[in-house]
Every structure is written in structure tokens, then in C-alpha cells.
Amino acid sequence: MSESITFDLPIAGMTCASCAGRVERALSKVPGASAVSVNLATEQARVQAPGDSLPALLEAVQQAGYSVPSQSVELNIGGMTCASCAGRVERALGKVAGVSSVSVNLANERAHVQLLGHVEPGVLIDAVTRAGYTASLWQADQPPANDQEQRLRRERWAVIIAVLLALPLVLPMVVQPFGLHWMLPAWAQFALATPVQFILGARFYVAAFKAVRAGAGNMDLLVALGTSAGYGLSIYEWAVAPAGHMPHLYFEASAVVIALILVGKYLESRAKRQTASAIRALEALRPERAIQVIDGREQDVAISALRLDDLVLVKPGERFPVDGEVVEGQSHADEALISGESLPVPKQPGDKVTGGAINGEGRLLVRTQALGAETVLARIIRLVEDAQAGKAPIQKLVDKVSQVFVPVVLLIALATLIGWWWYGAPLEVAVINAVAVLVIACPCALGLATPTAIMAGTGVAAHHGILIKDAEALERAHEVSAVVFDKTGTLTSGKPQIAHLQALDGDENTLLQLAGALQRGSEHPLAKAVLDACDERQLPVADVSASQSLTGRGIAGTLDGRQLALGNRRMLVESGLDQGALNALAQDWETEGRTLSWLIEQSPQPRVLGLFAFGDTLKPGALLAVRELTAQGISSHLLTGDNRGSAKVVAEALGIRDVHAEVLPADKAATVAHLKKTGVVAMVGDGINDAPALAAADIGIAMGGGTDVAMQAAGITLMRGDPRLVPAALEISRKTYAKIRQNLFWAFIYNLVGIPLAAFGLLNPVLAGAAMALSSVSVVSNALLLKTWKPKDLEKAE
């Protein structure tokens with residue numbers, strides 16, 4: 001059990017002394033809890049408990065019927081150079097009263113802090129400052145792109161100057177194999193190496209000093225110690241050398257090591273910036289101004305000046321400045337960067353438009369329905385940022401290693417120095433081997449291995465319309481062995497269409513025209529299906545007279561003196577008719593779960609004219625999605641509240657063997673929980689009734705166009721309702737997790753191989769510096785390969 005500490009928890013919902021007593025009793029039952037006191041006036045609870053018992057305390061409060069308010073804060077962190085730095089910032093923030101959890105991302109240099117109650121950001125910033133780093137409150141609407149560009153520019157100039165100064169020092173080593181023995185005089189080497197060591201290398205000394213002052217170590221400490229030892233040894237050898245004798249100096253080792261590390265850090269910074277390109281691309285979609293229409297007048301205004309229900313004019317080729325509804329005009333919208341939809345989407349009055357999408361050929365008048373943080377684009381950016389800021393479970397291993405990495409390396413370097421000197425090697429040889437150990441040991445690659453892969457993976461997924469909510473969902477998704485699909489709105493369109501029709505005289509077009517005439521002007525879903533079918537066949541639809549609704553049965557009307565009616569079996573029986581020759585077809589279609597409508601002529605002679613069977617149609621990508629999952633070795637299940645006949649038709653069309661039909665919404669979660677006993681389960685749904693099942697699954701996948709409740713419960717959200725995005729989401733998860741493992745493998749291998757080689761004198765400091773720089777660059781570059789990923793078969797039609 002961990003060390004006992006005092007927790008101060010804000011409690012929401014208490015209204016009287018009995019509430020405080022109930023909370024106090026609930027907290028007292030937590031194992032290890034003691035000295036529990038609840039203050040109703042301040043709405044605070046104080047409890048002494050083991051340091052790892054916070055989740056149990058929060059659950060106890062919740063089960064008692066109350067809650068602990070929380071908020072999150074994002075901080076920009078400056079000065080971090082390796083995994084040890086990130087760990088130290090996390091520990092510093094974790095000690096602040098009121099902080100429940102901290103996640104520091106080395107790749108994007110941000111800290112995500114979860115707070116219980118209200119904590120001033122200044123307190124958090126002070127904690128980071130005391131740890132030896134800088135911090136500032138992160139602003140979502142003010143991305144630090146300019147700061148990054150300026151820093152990259154400064155780093156580039158530092159690299160150029162360092163290389164120009166170090167090159168003359170290393171040149172004699174380069175030409176020596178060709179028989180040219182040439183060496184710069186000692187004073188020249190000193191003059192070239194000193195600015196590299198103490199001006200360009202000052203950043204290492206400053207960061208190392210802050211780390212030591214905070215009682216910790218980092219990469220900068222290793223570099224500062226190693227290069228200072230080489231530089232100091234050169235000064236010593238120069239000082240004790242006899243007059244007129246050229247001593248063996250190591251200025252080139254220190255200068256070249258610093259130059260190589262600066263090159264590596266510059267390349268690393270550039271690569272890290274590319275991993276965040278998805279966020280910058282999304283942020284670039286936000287227009288800053290819009291054309292507002294007031295009483296017919298157009299005026300250019302800032303986006304911040306707009307309010308809900310304002311009218312905005314969007315010209316051809318412009319980006320939609322807001323989320324809204326088209327009021328006037330027709331056009332197409334390019335939503336590729338938002339939803340991943342490659343084809344322009346037609347827009348007309350009544351259609352929704354998304355801020356950031358590009359208007360096509362027509363002028364549109366749009367009524368504003370969402371602004372600022374509530375727009376789809378803002379929510380997408382927020383989801384991607386949260387995922388990129390999160391820490392995958394596998395990162396816990398890296399965090400444990402990084403805590404002890406620098407002290408262990410210092411001990412190995414000391415042992416190398418003493419060992420070589422003890423066995424009779426000259427002091428300079430012992431020092432140089434110890435320097436090589438210090439220089440090659442770099443925890444940077446360890447710290448970058450996981451976050452860079454997550455940033456690249458979530459970024460490219462977002463580009464294709466797949467929003468991954470957190471790093472844990474990304475890591476877990478690669479293990480999925482079964483996918484459970486909801487039916488309506490997920491695999492099917494959710495809109496009834498004519499699945500079958502049969503005219504007794506064989507004339508289907510006339511049958512459709514008569515039914516369309518009766519349904520003209522109706523808003524009923526089945527009426528729309530009939531009229532859509534008439535449009536597809538380009539059939540003219542006449543007007544009926546004396547139209548009347550037959551409650552619970554259908555609709556009737558008169559056309560060219562004929563009294564017609566379209567409705568269900570009850571209407572058929574009340575008209576004194578039976579199914580006759582269509583009886584067998586009706587039974588077959590009912591077995592399929594279809595909804596039947598009979599078209600009859602009531603006068604002059606009552607008779608049946610034909611039969612319609614309505615049903616939900618499969619989405620275009622459903623079959624390819626199931627086939628791709630099967631190819632990946634993943635089984636598909638169908639889970640629906642619909643009748644077995646309807647479910648069976650859909651399952652057979654898609655090749656799904658496992659069908660769970662007529663399942664109540666409350667029982668869907670139980671069905672998913674049962675399937676989880678056989679493996680890792682992903683649930684795909686879009687409705688409110690799917691939310692419990694999405695939350696119960698190992699991975700919840702919400703379809704675009706679904707409810708906000710479903711998206712909130714899901715770990716992955718698909719920005720458009722294409723089922724083919726489901727196997728694509730699982731594929732990018734596997735590829736990202738593979739990159740994480742590859743990166744961690746190489747990061748560990750660099751140190752496991754490099755440190756012993758350096759300790760045994762098989763690696764000089766220059767090669768050690770090059771290897772250290774290469775380790776970080778290779779890890780980030782490997783992660784960037786994810787940016788080339790594209791979903792399979794996404795552009796194919798069935």
C-alpha cells in the first residue's frame with residue numbers, strides 16, 4: 001500500500017447535515033481511509049488515505065449520491081528535452097493540492113491537468129517553474145505556431161554556426177586516412193571550441209543547472225557533464241604540455257558532440273512539428289471573417305461578432321464561416337478535411353453546412369446554428385487534441401524507466417572512469433570512455449517513442465474522418481477480435497424504401513404512379529419512399545381529389561373518377577377484400593420483416609391492384625466493411641431491437657452469421673458484456689439506445705450523423721456514416737500501436753547496445769554524439785511514416 005496522504009475533496013450536491021454525514025460514512029468505508037471530516041459550509045471533505053486510493057474515494061462519493069466537481073487545464077511547458085523532464089513536470093504538478101491526474105506530452109510540449117474543484121492556473125505554473133521549467137496557460141484559439149517558427153529559426157542558425165566552428169576541428173580526423181597529417185594549433189582549437197561549448201551549448205548548462213537544483217537529472221545534465229569533461233581534459237593537457245610540444249587535445253570531441261546534438265534537436269523539432277500538422281490543418285480551416293446579411297444589406301464582420309440565427313452569405317469558393325442551415329441557394333460543399341468525404345456534397349435549402357468546409361459553385365445564404373467552441377470543427381479539434389495529449393497505457397513502462405535512467409547512466413559513467421583507470425589505462429582514455437557513456441545515453445528517444453506515434457496516428461485518422469477520443473482507445477483497438485453492429489442507421493440507411501412491389505396486371509410503373517398520386521404532399525416516411533421511387537423512374541405524379549387520411553389504416557383519394565386507397569392489411573379487410581393471388585408473396589415479404597402496403601380500387605368495383613413491401617436499405621459500404629473485417633480476422637455480429645425477419649435479411653445480405661435480434665435497449669449492454677468474455681469487443685452504433693452498449697464495449701465506435709450521447713459514450717467517432725470507416729479505424733489503430741512498439745524497441749536498443757560499447761572503449765564521443773542524435777530523429781521519422789496511411793477500399797463502390 002502506498003504512503004498515506006491528506007485529500008481535500010470538493011463535494012457537490014450536499015444540502016443539509018444528513019448529506020454531510022452520508023458522505024462522511026461513505027468515505028470512511030474506503031480501505032485505509034481515516035480522519036474523515038466533511039464541512040457542509042465549505043462543501044469540502046478531508047480524508048487521510050493511501051496515495052493510490054483517489055479513484056476509490058471518488059467512487060464512494062458518487063455511490064453516496066453526490067459528486068466531486070472537476071475541471072481540466074492545459075499548460076504549455078518549455079524547457080523539456082527528454083522523458084526524464086516530462087516525468088519531473090508530472091511529479092511537480094501532481095503534488096499540487098487539488099490535482100487528481102497529470103499527463104505531460106513531450107512531443108507537443110503540453111501538460112493536461114485534471115483538477116478537483118477550483119485551482120488557480122498560477123499555482124500550477126509556479127509548481128512547474130520550481131521544477132526548473134517554464135509554463136503558460138494554453139489558449140485553444142491562439143495556437144503558438146509563430147513561436148514554433150521563431151524557435152525553429154533560432155535552432156537552425158545555432159546549428160549552422162556550430163557546424164561551421166566544429167568542421168575545422170574535425171577536418172584533420174577526416175583527412176588522416178588519406179595520409180595527410182595536419183593539426184590546428186592548440187590556441188586555434190581552443191578559439192573554435194570555446195564558443196560552441198559555452199555560447200551555443202549554454203542551453204545544456206542552464207537546463208542541467210535547473211535539473212540539479214530540483215534534485216533530478218536529465219539529458220542536458222549528461223551532455224553538459226560529458227562535453228565539459230572532454231573540454232576540461234583538453235585544457236589540462238594543453239596546460240601541462242612541455243613548451244614546443246603539441247599535446248593530444250579533445251576539443252574536437254566536445255565541439256562536434258554539441259554540434260551533432262544541436263543538429264539532432266533541430267531535426268527532431270521539425271519532425272515533431274510535422275506530427276502536429278493535422279491540428280494545424282484543421283485550425284487553418286477557421287475563417288476569421290464573414291459576410292453578414294442584415295435587412296438585405298451585406299457587411300463584412302469578424303466571426304466573433306456573429307450570433308445564433310444571424311444570416312451569413314457564403315460566396316462560391318469561400319469557406320463556410322459557421323455551422324448552419326442553408327436558407328437560400330443551391331451548391332456543393334467540399335467537406336474532405338472535416339469528414340474525409342472525398343466527393344462534394346450537394347446543398348440546398350434545409351441542408352446543414354459545417355464551418356470550415358468549402359462552398360462550391362453557388363451563392364448560399366446560411367442561418368447560423370453554432371459558433372465558437374460549439375461548432376463541429378471546434379469539437380473535432382478538441383477531440384484530436386485530447387487524444388494527442390493523452391498517454392497510452394504502454395507509456396507507463398517508459399515513465400518508470402525514465403525516472404531511474406539518468407542516475408543509472410551517471411553510475412555507469414563513473415564505473416567506466418574508475419574501471420579504466422584502475423586497470424592501468426591513462427587518465428585521458430578513462431575520461432574519454434566515460435564521456436562517451438554520458439553522451440550516448442539519451443532518454444529523448446524513449447520519451448518521444450509513444451507520443452509522436454499517437455500524434456501522427458490520430459492526426460492521419462482525423463484527416464480521413466476518424467476521430468479517436470483518447471490514447472487508450474487507440475491502443476486497445478488493435479486487439480479487437482469481434483465487432484458488434486447496430487442495424488438501423490449503422491449498417492442500413494435508417495430510411496424506408498421500396499424493397500419489393502408487385503402489380504397484379506404486371507405494370508409496375510402505373511402502380512407506382514397511382515400510389516405516388518395518393519402520397520403526394522404527405523410527410524410520412526413511407527410516402528417519401530414511394531415518391532422517391534417515382535423520381536428515380538422519372539414517372540409523373542398526378543393530383544388526387546377528396547384526399548383523406550384513414551387513421552391507423554392508410555390514405556384514400558379520387559383520381560380520374562376512381563376511388564383509390566393505399567394502406568395496411570386492416571384497410572384491406574375492412575374493404576371486404578383478401579390477399580388473393582398475392583398471398584404467398586405477402587407471407588414471404590412479411591417473413592423478411594418488411595412493412596406491407598396494399599393499393600386497392602374501392603369503386604366502381606373493389607379490387608386489389610398491387611402490393612408494396614417497404615424496408616430499410618443497406619448502406620453502400622456495409623458489405624465491403626464486413627468483408628474487410630473478415631479479412632482482418634475479426635468476426636462481425638448484428639445487434640438490433642428489430643424483428644428477427646428484418647435482422648435475418650440484413651445479416652444474410654452482409655454475410656453476418658451471429659445475429660442478436662429483438663434485443664431491448666437496456667439489454668444491449670448485457671449482450672456486449674457477454675461477448676467480451678470471448679475477446680476484445682468493439683460496438684458500432686449511432687443512437688441514444690446504443691449509448692449503454694457503446695460504453696460497455698472495450699471500444700465504442702459512434703457513427704457520424706448519430707446522437708451526441710452516442711458520440712460521448714464512444715472511444716472512436718466516425719465523422720460520416722460510412723461503415724467502411726470501421727475496419728479503417730481498427731487498421732490505423734494496429735499500425736499506430738505497431739509504430740509505438742517499433743519506436744520503443746529502437747529507443748531501448750540504442751541504449752542497451754550503445755552504453756556497453758562506450759563503456760568498453762569501442763565508441764568514441766563523436767560517434768556517440770551522432771548515435772544519440774540519430775536515435776531521436778529515427779524514432780520521430782518512423783512515427784511520421786504513419787502520415788502516408790490511407791484506408792483500404794474507401795473509394796470503391798460495391
Carboxylate-amine/guanidinium contact R562 D560, below 4.0 Å: no
Ionic contact status for E325 with R367, cut-off 4.0 Å: no
Roughly how far, to the nearest 0.5 Å, is [atom2] of [Y] from [atom1] of [X]?
| X | Y | atom1 | atom2 | value |
| --- | --- | --- | --- | --- |
| I291 | L365 | CD1 | CG | 11.0 Å |
| F612 | Q502 | CZ | CD | 10.5 Å |
| D667 | H674 | CG | NE2 | 13.5 Å |
| S636 | L654 | OG | CG | 8.5 Å |
| L501 | W589 | CG | CH2 | 7.0 Å |
| L623 | L618 | CG | CG | 8.0 Å |

Residues, nucleotides or ligands: over 12 heavy atoms within 6.0 Å of [X] [atom1]:
| X | atom1 | result |
| --- | --- | --- |
| Q579 | CD | yes |
| R569 | CZ | no |
| Q538 | CD | no |

E298: partners by salt bridge (charged side-chain N to carboxylate O under 4.0 Å, His left out), with sequence neighbours left out: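 Checked E298 against salt bridge (charged side-chain N to carboxylate O under 4.0 Å, His left out); matches are R363.
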Qualifying residues under salt bridge (charged side-chain N to carboxylate O under 4.0 Å, His left out), relative to R520, sequence neighbours excluded: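 Result, salt bridge (charged side-chain N to carboxylate O under 4.0 Å, His left out) vs R520: D543.
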Side chain to side chain donor-acceptor pair (under 3.5 Å) between R607 and Q602, worked out: CA-CA 7 Å; R607 63 190 179 109; Q602 295 179 317; over 6 Å; no
Min side-chain heavy-atom separation [X]-[Y] under 4.5 Å:
| X | Y | answer |
| --- | --- | --- |
| E731 | R734 | yes |
| W598 | L577 | no |
| M683 | K676 | no |
| T736 | S733 | no |
| Q330 | E361 | no |
| L609 | D505 | no |
| L730 | I634 | yes |
| V650 | T492 | yes |

Derivation of the side-chain contact (heavy atoms from CB on, under 4.5 Å) call for H637 and V483: CA-CA 6 Å; H637 299 251; V483 173; over 6 Å; no
Taking all atoms of both residues into account, what is the closest heavy-atom pair of [X] and [Y], and its distance?
| X | Y | answer |
| --- | --- | --- |
| V314 | P321 | CG2-CD, 3.9 Å |
| L518 | G557 | CD2-N, 3.5 Å |
| G355 | D323 | N-OD1, 2.7 Å |
| W789 | V460 | O-CG2, 3.7 Å |
| L559 | A542 | CD1-CB, 3.9 Å |
| A729 | L718 | CB-CD2, 4.4 Å |

Donor-acceptor contact present, side-chain [X] to main-chain [Y], <3.5 Å:
| X | Y | answer |
| --- | --- | --- |
| R307 | S304 | yes |
| K347 | G362 | no |
| N568 | M571 | yes |
| T368 | D309 | no |
| T490 | K487 | no |
| S545 | T558 | yes |

From CA spacing to verdict: side-chain contact (heavy atoms from CB on, under 4.5 Å), Q348, V326: CA-CA 6 Å; Q348 58 187 1; V326 177; 5.8 Å; no
Test log, rule side-chain contact (heavy atoms from CB on, under 4.5 Å), inputs M703 and K619: CA-CA 12 Å; M703 299 291 282; K619 286 187 174 180; 4.1 Å; yes
Between [X] and [Y], a side-chain donor and acceptor under 3.5 Å:
| X | Y | result |
| --- | --- | --- |
| Q519 | K528 | no |
| D310 | Q292 | yes |
| R319 | N359 | no |

Test side-chain contact (heavy atoms from CB on, under 4.5 Å) applied to V293 and V312, step by step: CA-CA 6 Å; V293 179; V312 174; over 6 Å; no
